[in-house]
Amino acid sequence: MNNESPQSSPTHADNCEPLIGLATLMRMAFSGADLGPLGTRLLKRAETHPHDANTLLDLSTILQLKGNRAAALAVQSQALEMQQLYHMPAAQEATAIRVLAIMGPGDLMANTPLEFLVEGSDIALDMLYVAPHLPFPAALPEHDVAFVAVGESDQNRPLLQYVAKLIQDWPRPLLNTPDRIAGVSRDGACALLASAPGVVMPATVRIDRQTLEQIGRGQLALADILEDGDFPIIVRPVDSHAGQGLDKLDTPAAIDDYLQSQPMNTFYVSRFVDYRGPDGLFRKSRIVLIHGRPYVCHMAISEHWMIHYLNAGMTDSADKRAEEARFMTRFDDDFASRHAAAFRAIHERMGLDYLGIDCGETPTGELLIFEVDSNMIVHAMDPVDLFPYKQSQMHKVFEAFRTMLIDASSRP
């Protein structure tokens with residue numbers, strides 16, 4: 001496999017604008033900036049410079065952030081047909097490490113968002129988009145370590161198999177192998193983590209629409225398809241994220257109404273675990289395992305069981321933010337210490353160098369796993385005036401990620 005410097009690759013053609021990138025564009029959107037004028041400028045640039053792949057890729061990202069997924073993927077496809085390699089230089093003058101991310105086409109949930117993890121650092125990031133229908137570059141940029149960023153999904157499963165063949169005899173150390181990434185599916189993860197000490201992850205089964213209808217009509221018992229099955233249950237379409245299509249159904253009769261609102265044909269089903277605390281509130285944490293060590297990224301507190309950080313009212317409640325700050329400050333000596341055996345088992349069984357975990361605690365104090373994934377978003381975009389405690393914590397996360405890369409790059 002040949003290597004060449006980034007400067008000699010087509011990514012850096014003179015007629016291409018520098019790539020703005022996901023982290024910068026999402027930070028703008030997160031802060032409330034209107035991306036419309038920038039999108040218009042990029043569209044005009046694309047019309048006058050139709051071979052500027054960087055402009056097309058940035059335009060695709062803006063379209064996704066504005067909710068126009070179909071148009072975004074069409075523009076992304078245009079960009080990838082003309083260029084597979086994209087470069088984000090290190091923010092600092094001296095580059096300490098060069099990372100090559102192996103990525104796949106798709107929306108913002110398709111790959112590990114590495115740009116947030118290296119933002120503002122001395123890490124240079126090259127992003128190589130691969131797929132069976134895309135020509136593989138004749139030469140790659142020099143890099144110290146490669147990272148498979150392709151996320152697990154039904155759509156990406158064939159791509160992960162393709163990448164597994166692609167990386168055989170890779171000339172540099174490589175993190176997050178595709179065979180291990182494939183294991184983070186909701187049903188696959190609960191199978192891998194079954195009986196792990198201190199871990200509760202309810203059995204999750206994948207069923208088709210017809211089977212779910214039969215349960216709703218009483219023609220099939222839930223226990224026939226779900227080992228620990230009992231109502232209430234959690235139902236979601238396969239490959240859904242951010243709570244899309246996620247619901248708690250208390251009785252079989254609720255299934256029919258649910259299916260009327262969901263056009264999908266395949267679903268994940270698991271039993272619901274009531275994880276509210278003594279005060280009646282639900283708490284969900286996002287934790288990353290970096291080379292096996294846990295780091296907290298946020299904790300959301302909500303009156304509702306379905307928690308997402310942006311809908312938990314964290315910006316509206318000083319008390320919730322104060323509790324999150326205490327949680328972060330005490331994390332290593334409290335939460336991480338209490339669940340050390342569980343985190344150790346998760347790392348050993350999942351086998352990923354970098355892994356995200358959404359979790360809570362059961363009323364009896366066990367670690368309740370909602371999801372494990374390699375492509376959860378981890379960032380430092382929250383307003384500093386409201387969340388001053390997050391900056392130091394996220395710097396710990398980013399520094400741990402950097403250390404992992406440097407350690408990996410020194411492997412023979």
Side-chain angles (χ1 to χ4, degrees), residues 3-93 95 98-111 113-116 118-120 123-143 149-150 159 377 379 381:
N3 286 273
E4 62 178 18
S5 69
Q7 284 74 23
S8 60
S9 76
T11 305
H12 303 274
D14 292 338
N15 63 346
C16 280
E17 288 281 316
L19 188 70
I20 299 172
L22 171 63
T24 297
L25 292 171
M26 187 173 282
R27 185 176 288 277
M28 293 171 63
F30 202 78
S31 66
D34 181 7
L35 293 177
L38 176 57
T40 299
R41 183 178 74 78
L42 291 177
L43 183 59
K44 291 180 179 177
R45 166 81 186 175
E47 291 171 349
T48 56
H49 296 77
H51 300 294
D52 186 344
N54 286 350
T55 291
L56 288 173
L57 195 65
D58 282 332
L59 180 59
S60 168
T61 300
I62 289 177
L63 288 168
Q64 290 192 63
L65 292 172
K66 293 176 72 68
N68 198 339
R69 184 177 184 274
L73 294 183
V75 173
Q76 182 192 77
S77 179
Q78 285 183 268
L80 300 186
E81 284 174 6
M82 64 180 74
Q83 181 176 304
Q84 290 78 51
L85 188 62
Y86 297 82
H87 181 68
M88 294 295 298
Q92 299 179 19
E93 186 172 344
T95 298
R98 302 159 299 178
V99 179
L100 179 65
I102 300 172
M103 304 173 65
D107 61 23
L108 299 180
M109 301 298 296
N111 299 284
L114 294 177
E115 288 183 55
F116 293 104
V118 305
E119 187 181 19
I123 301 170
L125 178 65
D126 282 290
M127 295 170 285
L128 174 64
Y129 285 85
V130 301
H133 69 278
L134 294 175
F136 194 78
L140 296 175
E142 288 287 349
H143 58 283
V150 178
L159 180 56
I377 184 169
H379 63 79
M381 296 189 296

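None of the values given here were measured: they were computed from a predicted structure.
Counting heavy atoms from C-beta outward, Y86 and M103 have side chains that stay 4.5 Å or more apart. Two residues are said to be in side-chain contact when any heavy atoms from C-beta on lie closer than 4.5 Å; Q76 and L57 meet this criterion. When side chains are defined from C-beta on, T61 does not count as touching I20, because their heavy atoms never get closer than 4.5 Å. Here the side chains of M26 and L108 are in contact, with some heavy-atom distance below 4.5 Å. Put simply, the side chain of L38 reaches to within 4.5 Å of the side chain of M28, judged on heavy atoms. Side-chain contact between L80 and L56: absent, with no pair of heavy atoms (C-beta onward) separated by less than 4.5 Å. Contact of the L63 side chain with the L73 side chain is not registered, since no non-hydrogen atoms from C-beta on lie closer than 4.5 Å. By the 4.5 Å heavy-atom criterion applied to side chains, H143 and V99 are not counted as neighbours.
Nearest heavy atom pair, residue T55 against residue A46, reads CG2-N, 4.0 Å. When all heavy atoms are compared, the tightest approach of G104 to V150 is N-CG2, 3.7 Å. Closest approach of A72 and S60 over heavy atoms only: O-OG, 2.8 Å. Nearest heavy atom pair, residue P105 against residue L159, reads CD-CD2, 4.3 Å. Heavy-atom minimum distance, D34 versus P37: O-CD, 3.4 Å. F116 and M381 get closest at one heavy-atom pair: CE2-SD, 3.8 Å.
The backbone N or O of I123 lies less than 3.5 Å from no partner atom in the side chain of T95, so there is not a single donor-acceptor pair. At distances below 3.5 Å, at least one donor-acceptor pair connects side-chain atoms of E115 with backbone N or O atoms of L22. Under a 3.5 Å cut-off, the side chain of D52 and the backbone N or O of E17 do form a donor-acceptor pair. Using modelled atom types, one side-chain atom of D58 and one backbone atom of G21 make a donor-acceptor pair closer than 3.5 Å. Side chain of S31 to main chain of R27: a donor-acceptor pair is present (N/O by atom type, distance under 3.5 Å, no hydrogens or angles).
Considering NE2 of H87 and CG of N54, their distance stands at 10.5 Å, rounded to 0.5 Å. In this structure, the separation between OH on Y129 and CD1 on I102 is 13.0 Å, given to the nearest 0.5 Å. For the atom pair CE of M127 and CG of L114, the computed distance is 9.0 Å after rounding to the nearest 0.5 Å. Note that CG of L134 and CD of Q84 are 5.0 Å apart. Values are rounded to the nearest 0.5 Å. Between atom SG of residue C16 and atom CE of residue M82 there is a gap of 8.5 Å, rounded to the nearest 0.5 Å. Expressed to the nearest 0.5 Å, how far CD of Q83 lies from CD of E81 amounts to 13.0 Å.
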